[in-house]
Amino acid sequence: MDKWASGKYSGRVAFVCVSLAGPQLASTFVKELKLSACTVAYTEDNPAWGQLGCGGFIVYGSDGRIASRATAAYLEVRERAFHHVESLLDALLDGAKSRP
């Protein structure tokens, strides 16, 4: 996520990593994954639904609507999962450009 946030999608897409296990795990994410361009947050309440990063990402459009509840899972398709995320983001960004 940080590579996307500081590279190809810098200033155009917000990347948010949410720990479901409180602030300690969020801090560990930042340190171990070397996150500097993503927003990192945590919750101590269990959300009604969600997605683990290794199982895919949740993608929202600029209108706040869910564009994908779960992208392709890295554990299932490896690098193609990242291409899937990029194709969704590119389509959302292209759609935003074409709006008046």
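Residues take their numbers from the sequence shown, with the count starting at 1. This one's a predicted model, so the numbers in the text were calculated from it and none came from an experiment.
- Within the model, atoms NZ of Lys8 and CD of Glu86 stand 4.5 Å from one another, a figure rounded to the nearest 0.5 Å.
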Distance-only donor-acceptor hits, side chain of residues 26-37, under 3.5 Å, sequence neighbours excluded:
from, atom 1, to, atom 2, distance (Å)
Thr28, OG1, Gln24, O, 3.0
Ser36, OG, Asp2, OD2, 3.3

**Request:** Could you walk me through whether Val13 and Tyr60 pass the side-chain contact (heavy atoms from CB on, under 4.5 Å) test, one step at a time?
**Result:** CA-CA 10 Å; Val13 175; Tyr60 285 85; over 6 Å; no
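- Here the shortest heavy-atom pairing between Leu88 and Ser68 reads CD1-CB, 3.8 Å.
- Through side-chain heavy atoms spaced under 4.5 Å, either directly or across other Ile, Leu, Val, Met, Phe, Trp or Tyr residues, Tyr42 is tied to no other residue.
- The shortest distance between side-chain heavy atoms of Val59 and Ile66 does not fall below 4.5 Å.
- Put simply, OH on Tyr9 and CG on Asp90 are 3.5 Å apart, with the number rounded to the nearest 0.5 Å.
- The two atoms that bring Met1 and Cys17 nearest to each other are CE-CB, 3.4 Å, heavy atoms only.
- The nearest pair of heavy atoms linking Pro23 to Glu44 is CD-OE2, 3.6 Å.
- Val18 approaches Val16 most closely through the heavy-atom pair CG2-CG1, 3.8 Å.
- A donor-acceptor pair under 3.5 Å links the side-chain atoms of His84 to the main chain of Ala72, judged by distance alone.
- For Gly22 against Ser19, the heavy-atom pair with the smallest separation is O-OG, 3.1 Å.
- The shortest heavy-atom contact between Ala5 and Cys38 is CB-SG, 4.2 Å.
- Below 30°, between 30° and 60°, or above 60°: for Phe57 and Trp4 the angle between ring planes is above 60°, a perpendicular geometry.
- No side-chain heavy atom of Arg69 sits less than 4.5 Å from a side-chain heavy atom of Ile58.
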